[in-house]
S.K.: 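Quick one: the structure is below, questions incoming.
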Amino acid sequence: MAPKGQHKYSVLLPTYNERENLPIITWMLVKAFKDNELDFEIIIIDDASPDGTLEIAKQLQAAFGADRIVLRPRAGKLGLGTAYIHGIEHATGDYVFIMDADMSHHPKFIPDFIKKQKEGNFDVVTGTRYALGGGVHGWDLRRKLTSRVANFLADTLLTPGVSDLTGSFRLYKKPVLEAMIRATKSKGYVFQMEMMVRARQMNFTIGEVPITFVDRVFGESKLGAAEIVGYLKGLITLAMDI
Amino acid sequence: MGKRAQSILLVFAAGTAAWVLLMLHSVLIPFVPVPQYLDEIAPVLPLWLLVAFGAYSLASIGYALVTFGDCPEAYMSLLKEINEAKTDLKRRGVQID
């Protein structure tokens with residue numbers, strides 16, 4: 001099968017204990033790219049998951065081919081920013097997708113991202129749950145309220161001009177992603193947010209596409225007091241820094 | 001401190017200075033005529049600003065909460081796809097728990 005475009009898309013999937021989710025998200029990614037006749041590779045960056053995620057990743061590589069599934073394991077949990085750097089070091093695509101491996105982000109939106117990117121030749125295209133056509137499934141009122149307050153605070157303090165700051169389903173031009181990761185200092189929850197703020201500062205153009213977000217089907221998504229405090233600390237640090 | 005924090009501080013300082021000037025205008029700038037109504041609203045101006053910002057915040061969060069998009073159909077179709085994926089993956093020799 002000959003790809004119709006000359007572009008190649010690398011998907012970075014950082015994993016930690018995603019033994020259940022990884023095969024299914026990989027299968028859905030392969031399907032989305034093949035159905036749309038796009039050239040792609042999926043780079044799995046596993047941080048030595050004790051549940052044997054890497055072993056499953058090897059089986060996926062055998063099933064779909066080493067040109068499609070690339071394994072870039074690391075010795076331990078070393079953070080999201082360095083995972084992306086580690087992943088793009090050997091990425092052969094000129095565009096890079098970043099998404100969660102837990103199936104909360106659905107690969108069916110990949111053609112929308114690519115279409116949007118081409119429309120405005122955007123440096124970054126970010127998925128938004130908060131635009132018409134987007135949405136979230138599996139959140140109770142408390143979780144929704146927390147998300148809205150978090151987004152309102154970030155929006156007021158940082159004025160990034162992006163409707164979904166904490167979302168992490170995004171398409172980047174590869175050199176743009178490299179430059180942005182180098183400029184980003186924070187870790188954890190604030191990382192994705194800072195990436196968008198830095199993108200604005202560096203005058204990169206950003207497009208938005210609506211996406212749906214289905215909260216983890218397997219495993220648990222946690223949001224406790226510690227996470228909220230961590231978020232607020234990171235937000236204030238970032239607001240003071242820009 | 002970054003540029004943004006500096007400019008927020010600058011705006012805050014300028015606003016405070018303007019308010020102090022307004023409150024003490026009869027002492028600081030007795031030669032400038034100030035209308036009576038300004039004297040009446042000046043003491044509550046900071047409180048009014050605080051309440052206005054609070055009201056704006058609540059309204060904006062409330063609106064966003066009411067218009068929060070749900071997507072039950074995305075969940076249903078995902079469950080179907082997961083089953084489809086599992087069947088195909090098993091066939092390809094990938095271990096599924």
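Chain naming here is simple, since letters A, B, ... match the order of the sequence lines and numbering starts at 1 in each.
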S.K.: For Y63(B), look at atom OH and say whether over 12 heavy atoms of other residues, nucleotides or ligands are found less than 6.0 Å away.
M.R.: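 Check fails, neighbour count at 12 or below.
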S.K.: How close do K108(A) and S77(B) get, heavy atom to heavy atom, and via which atoms?
M.R.: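 Shortest heavy-atom contact: NZ-OG, 4.0 Å.
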S.K.: Would you confirm whether R4(B), through its side chain, and L158(A), through its main-chain N or O, come within 3.5 Å as a donor-acceptor pair?
M.R.: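 Checking the backbone N and O of L158(A) against the side chain of R4(B), a donor-acceptor pair under 3.5 Å is found.
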S.K.: Measuring from I25(A):CD1 to I82(B):CD1, what's the distance to the nearest 0.5 Å?
M.R.: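 These two atoms lie 9.5 Å from each other.
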S.K.: Please say whether more than 12 non-hydrogen atoms of neighbouring residues, nucleotides or ligands are located less than 6.0 Å from CE in M240(A).
M.R.: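 No, CE of M240(A) has 12 or fewer neighbouring heavy atoms, counting only those of other groups under 6.0 Å.
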S.K.: What heavy-atom pair brings Q95(B) and Q59(A) nearest, and what distance separates the two atoms?
M.R.: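 Looking at all heavy atoms of both residues, the shortest contact is N-OE1, 2.6 Å.
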S.K.: Angle between ring planes, Y75(B) versus H137(A), binned at 30° and 60°: parallel, tilted or perpendicular?
M.R.: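 Plane angle under 30°, so parallel.
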S.K.: In Å, rounded to the nearest 0.5 Å, how long is the span from CG of L132(A) to OG1 of T67(B)?
M.R.: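 So the gap between those two atoms works out to 10.5 Å.
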S.K.: Let me know if T26(A) has heavy atoms under 4.5 Å from chain B in its side chain, its backbone, both or neither.
M.R.: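 Neither part; nothing is under 4.5 Å.
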S.K.: Under 6.0 Å from the CD1 atom of I41(B), do we count more than 12 heavy atoms belonging to anything else shown?
M.R.: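 More than 12 within 6.0 Å, yes.
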S.K.: Please say whether more than 12 non-hydrogen atoms of neighbouring residues, nucleotides or ligands are located less than 6.0 Å from CE in M76(B).
M.R.: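 Result for CE/M76(B): open.
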S.K.: So does K58(A) have more than 12 non-hydrogen atoms from other groups sitting under 6.0 Å from NZ?
M.R.: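 Not buried by this count: 12 neighbours or fewer within 6.0 Å.
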S.K.: Could you tell me which of G135(A), A62(A), G138(A) has the largest number of non-hydrogen atom pairs under 4.5 Å with chain B?
M.R.: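 When all of G135(A), A62(A), G138(A) are compared, G135(A) has the most.
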S.K.: Under 4.5 Å heavy-atom distance to chain A, tell me which part of Q6(B) shows up: side chain, backbone, both or neither.
M.R.: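 No part of Q6(B) comes within 4.5 Å of chain A.
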S.K.: So what's closer than 4.5 Å to chain B heavy atoms on V217(A): side chain, backbone, both or neither?
M.R.: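 The side chain, not the backbone.
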S.K.: If you count heavy-atom pairs within less than 4.5 Å of chain B, which of V136(A), V214(A), I24(A) leads?
M.R.: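 Most heavy-atom pairs under 4.5 Å with chain B: V136(A).
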S.K.: Given heavy-atom pairs under 4.5 angstrom as the criterion, report whether the side chain, backbone, both or neither of S7(B) touches chain A.
M.R.: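 Neither; nothing under 4.5 Å.
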S.K.: Please look at K31(A) and chain B and tell me whether the side chain, the backbone, both or neither of the residue comes under 4.5 angstrom of a heavy atom of that chain.
M.R.: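 The side chain, not the backbone.
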S.K.: Could you measure the distance from the CD1 atom of I96(B) to the CD1 atom of I56(A)? Nearest 0.5 Å is fine.
M.R.: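 I96(B) atom CD1 to I56(A) atom CD1 measures 6.5 Å (nearest 0.5 Å).
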S.K.: Against chain A, label F53(B) side chain, backbone, both or neither, depending on which of its atoms sit under 4.5 Å from a heavy atom there.
M.R.: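 It is the side chain, since no backbone atom gets that close.
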S.K.: If we define contacts as heavy-atom pairs under 4.5 Å, which of A5(B), G69(B), A85(B) has the most with chain A?
M.R.: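 If we count pairs closer than 4.5 Å to chain A, A85(B) comes out on top.
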S.K.: For W27(A) and E81(B), work out which heavy atoms get closest and say how close.
M.R.: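 Residues W27(A) and E81(B), closest heavy atoms: CZ3-O, 4.1 Å.
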S.K.: Is it the backbone or the side chain of F213(A) that comes under 4.5 Å from a heavy atom of chain B, or both, or neither?
M.R.: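 When you check distances to chain B, only backbone atoms of F213(A) fall under 4.5 Å.
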S.K.: What part of M28(A) gets within 4.5 angstrom of chain B, counting heavy atoms only: side chain, backbone, both, or neither?
M.R.: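 Just its side chain gets close to chain B.
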